[in-house]
Amino acid sequence: MTEETKDLQALAENYDASQIQVLEGLEAVRLRPGMYIGSTSKEGLHHLVWEIVDNSIDEALAGFATKIEVYIEKDNSITVVDDGRGIPVDIQEKTGRPAVETVFTILHAGGKFGGGGYKVSGGLHGVGSSVVNALSTQLDVRVHKNGQIYYQEYRQGVVVDDLKVIGETDRHGTTVHFTPDPEIFTETTEYDFDKLNKRVQELAFLNRGLRISISDKRDGQEQTEAYHYEGGIASYVEYLNASKEAIFETPIFTEGEMDDVIVEVAMQYTTAYQENVLSFANNIHTHEGGTHEQGFRAALTRVINDYAKKNKLLKENEDNLTGEDVREGLTAVISVKHPNPQFEGQTKTKLGNSEVVKITNRLFSEAFSEFLLENPQVARRIVEKGILASKARIAAKRAREVTRKKSGLEISNLPGKLADCASNDPEETELFIVEGDSAGGSAKTGRNREFQAILPIRGKILNVEKATMDKILANEEIRSLFTAMGTGFGAEFDVSKARYKKLVIMTDADVDGAHIRTLLLTLIYRYMRPVLEAGYVYIAQPPIYGVKVGSEIKAYIQPGANQEQELELAIAEHSQGRSKPTIQRYKGLGEMDDHQLWETTMDPENRLMARVTVDDAAEADRIFDMLMGDRVEPRREFIEENAVYSTLDI
Ligand code: TTJ
């Protein structure tokens, strides 16, 4: 028997059999938290919030809650408030306990009692509030219902006292407050406002009409963001297209329901060349797509071709537009709500329910065909855009056929500027893309040649958003990147051929560096997506300060939210009496010599790198036009405020 089991047994002495089961259930959660919430890292910590918020979202989707508030309290505990019916407080026959107690103490309970409505939210792990309770040092719930305020509290999931009435109220709803247990969340118990805020905004887009807010009450970080979109996912599309040029004013919005599956689609075309289709199932972002996307794509292609032929925009003997043609410049959000979603794929973010192909296809086809009939001007623009795309595609194909034998992207043509490494084992090799020739020089001499390769690029790389495939292929900087990576391009792209499993973007820690990084990320997002999905892309994090005593560097300070405090600390630590260390501020990689660059930024033992997620890159892509616009000042401010870094890694 483990120590923990003994403790629980002792606690359980006064309980009956059902309560011992409760304790065993909670103990299982505390012993293997990862099985219930995915991980106990920063991800898991944030996951707790969604396990709670999902319950309020369900109550909103059932039509009873209109407002949800999320608070990060001063001590990094979380409060979630809704104005729904309130969790039931009546005694359940089966357990002899109030329903609310069961919700928080029995594994897998919650959601379905009371009948009617199905649970639509529910995260990837979908196990609910008892898990959050088990993983919190303290959790309390207040239910406003029947004019009374009911209260109960728990410690590490164990009931402190019976549910009791602590006051009167004229409102209704549920308030849950919890403190994640630092014994479980050993990496961090500090909440990231931006991370919560992003998801809260996404939930507002995905659940039309919902009012949801997030507030940070921590000292010095006080802020609130509140969201409410009457347009739902149509507003989401407008948001995604904010800095792009749309070819018609208002996004198309369709919705329908069949066999208890609700399907919503919002879409708008822009003058861009790429497609941007996001899909969701039960509010979960299905990064890997799935049957809802499949049904949507098939329907889109068929309906546009049917319309084009019927209206003689495309002649009977002409080839149909392909899926790629009709998705060029398309921004779309697909959201389905399913009573029993099946998630598949490597990251469990692919919708697998096979019946959803037909349902999405049917519902979207009907609504979209009707839209085209009623909006002939918009319909004509969409078809014309597709025809243009098909012409460009055919021209590019011809051009490629002519030059097939010397496409130039074969490894035998490795670019001259590439300083390759000795090893050819992708498991250990790293490709550094370095901005500028001088930094490239330092990186070449400073690196470990065994496994680190350097590809210097010149300041400007092509804006891929404004360029066609053949233009992109003709660009020197881009070609050398693709050749070095060895993955091929376009339809021939093959991530398994990657010559390096780390692709590290190393740019100056200044505005221009951030700009170039964004250009590269957009290129990778658009044309090397599998490399990104495989987790191969990193951003190097050169220090911004060096703390020097005499000529010796004692400490490097990395950029980040706490950089100034860390600098103060380092100064204090390396001061001797009145003699203070000197501070060097690094404006660019060029200011470091080869040895410093190795030590601070490239040496796997010391360096800090941020792994880029698909979402980071998607965000870079979204803000792209802002960066590429003609006005310099807003751009500069924007980059300074939004340099795209993500979570730490390695
Ligand atoms: C269930 O069916 C009967 C009426 O109440 C329904 C219900 O449970 N509503 C509900 C639960 N609203 N809000 C919650 C809830 C809110 C939070 C913040 C946390 C939890 C676990 C539940």
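Just so we're clear, the structure is a prediction, and the values are computed from it rather than from any experiment. Numbering of residues begins at 1 and proceeds along the displayed sequence.
The side-chain hydrogen bond (donor to acceptor under 3.5 Å, both in side chains) test with His144 singles out one residue from Thr169, Thr175, Asp170, and that residue is Thr169. For the side-chain hydrogen bond (donor to acceptor under 3.5 Å, both in side chains) with Tyr538, the lone residue among Lys502, Arg611, Arg607, Glu430 that qualifies is Arg611.
Side-chain contact check for Asp75 and Ser77: at least one donor-acceptor pair (N or O, by modelled atom type) lies under 3.5 Å. There is no side-chain donor-acceptor pair under 3.5 Å between Tyr227 and Glu202. Inspection of the His287 and Thr347 side chains reveals no N or O donor paired with an N or O acceptor under 3.5 Å. A donor-acceptor contact closer than 3.5 angstrom links the side chains of Glu101 and Gln152. A donor-acceptor pair shorter than 3.5 Å can be found between the side chains of Thr102 and Gln92. Between the side chains of Asp83 and Thr66, at least one donor N or O lies within less than 3.5 Å of an accepting N or O.
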- Stepwise side-chain contact (heavy atoms from CB on, under 4.5 Å) check, Arg517 with Ile539: CA-CA 8 Å; Arg517 182 166 62 229; Ile539 294 169; 3.4 Å; yes
- Please walk me through it: do Glu59 and Arg85 pass salt bridge (charged side-chain N to carboxylate O under 4.0 Å, His left out)? CA-CA 8 Å; Glu59 185 68 355; Arg85 288 167 292 179; 2.8 Å; yes
- Item | Residues Val132, Tyr36; criterion side-chain contact (heavy atoms from CB on, under 4.5 Å); working and verdict | CA-CA 9 Å; Val132 176; Tyr36 298 87; over 6 Å; no
- Task: Might you work through the side-chain contact (heavy atoms from CB on, under 4.5 Å) test for Arg155 and Val160, ending with a clear yes or no?
- Result: CA-CA 7 Å; Arg155 303 266 156 89; Val160 172; 3.6 Å; yes
- Task: For Arg208 and Tyr236, run side-chain contact (heavy atoms from CB on, under 4.5 Å): C-alpha distance rounded to whole Å, both residues' side-chain angles, the deciding distance at 0.1 Å, then the answer.
- Result: CA-CA 10 Å; Arg208 187 159 28 123; Tyr236 199 172; over 6 Å; no
- Test Asp260 against Lys337 for salt bridge (charged side-chain N to carboxylate O under 4.0 Å, His left out), laying out the working first. CA-CA 8 Å; Asp260 288 333; Lys337 305 241 163 85; over 6 Å; no
- Any chance you could lay out the side-chain hydrogen bond (donor to acceptor under 3.5 Å, both in side chains) test for Glu69 and Tyr71, step after step, and finish with the verdict? CA-CA 7 Å; Glu69 293 160 353; Tyr71 298 91; 3.0 Å; yes
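With hydrogens and angles disregarded, no donor-acceptor distance shorter than 3.5 Å links the side chain of Thr179 to the backbone of Thr137. At least one donor-acceptor pair closer than 3.5 Å links the side chain of Gln452 to the backbone N or O of Met602. The main-chain N or O of Gly128 is found under 3.5 Å from a side-chain atom of Glu51 such that the two form a donor-acceptor pair. In this structure, Thr174 contributes its side chain and Asp82 its backbone to no donor-acceptor pair below 3.5 Å. Counting only distance, with no hydrogens or angles, the side chain of Asn55 and the backbone of Ile52 share a donor-acceptor pair below 3.5 Å. Under a 3.5 Å cut-off, the side chain of Thr291 and the backbone N or O of Asn353 do form a donor-acceptor pair. A distance-only check finds a donor-acceptor pair linking the side chain of Asn282 to the backbone of His338 [under 3.5 Å]. Within the 3.5 Å criterion, the main-chain N or O of Asp194 finds a donor-acceptor partner in the side chain of Asp192. With Lys350 contributing its side chain and Gly345 its backbone, the two residues share no donor-acceptor pair below 3.5 Å. In this structure a side-chain-to-backbone donor-acceptor pair under 3.5 Å is missing from Tyr229 to Gln201.
The CG atom of Asp216 sits 9.5 Å away from the NZ atom of Lys74 when rounded to the nearest 0.5 Å. Remark: Leu206 CG to His285 NE2 distance equals 9.5 Å, nearest 0.5 Å. Taken to the nearest 0.5 Å, the CD1 atom of Ile212 stands 4.5 Å off from the CD1 atom of Ile68. For the atom pair CG of Leu48 and OG of Ser129, the computed distance is 11.5 Å after rounding to the nearest 0.5 Å. Residue Tyr536 holds its OH atom at 13.5 Å from CG of Leu431, rounded to the nearest 0.5 Å.
Ring geometry for Phe205 against Tyr239 counts as tilted: the plane angle lies between 30° and 60°, on a 0 to 90° scale. Below 30°, between 30° and 60°, or above 60°: for Tyr586 and Tyr556 the angle between ring planes is between 30° and 60°, a tilted geometry.
In terms of heavy atoms, Ile87 sits closest to Val143 at O-CG1, 3.4 Å. Closest of all the heavy-atom pairs between Ala570 and Ala555 is CB-CB, 4.3 Å. Here the closest non-hydrogen pair linking Leu107 and Gly25 is CD2-O, 4.0 Å.
One finds a salt bridge joining Glu183 and Arg30 here, because a Lys/Arg side-chain nitrogen approaches an Asp/Glu carboxylate oxygen to under 4.0 Å. Salt-bridge check for Glu43 with Lys195: passed, with a basic side-chain N closer than 4.0 Å to an acidic carboxylate O.
Heavy-atom neighbours of Arg211 CZ from other residues, nucleotides or ligands within 6.0 Å: at or below the threshold of 12. Summarising the local packing, CD of Glu168 is surrounded by 12 or fewer heavy atoms from other residues, nucleotides or ligands at distances under 6.0 Å.
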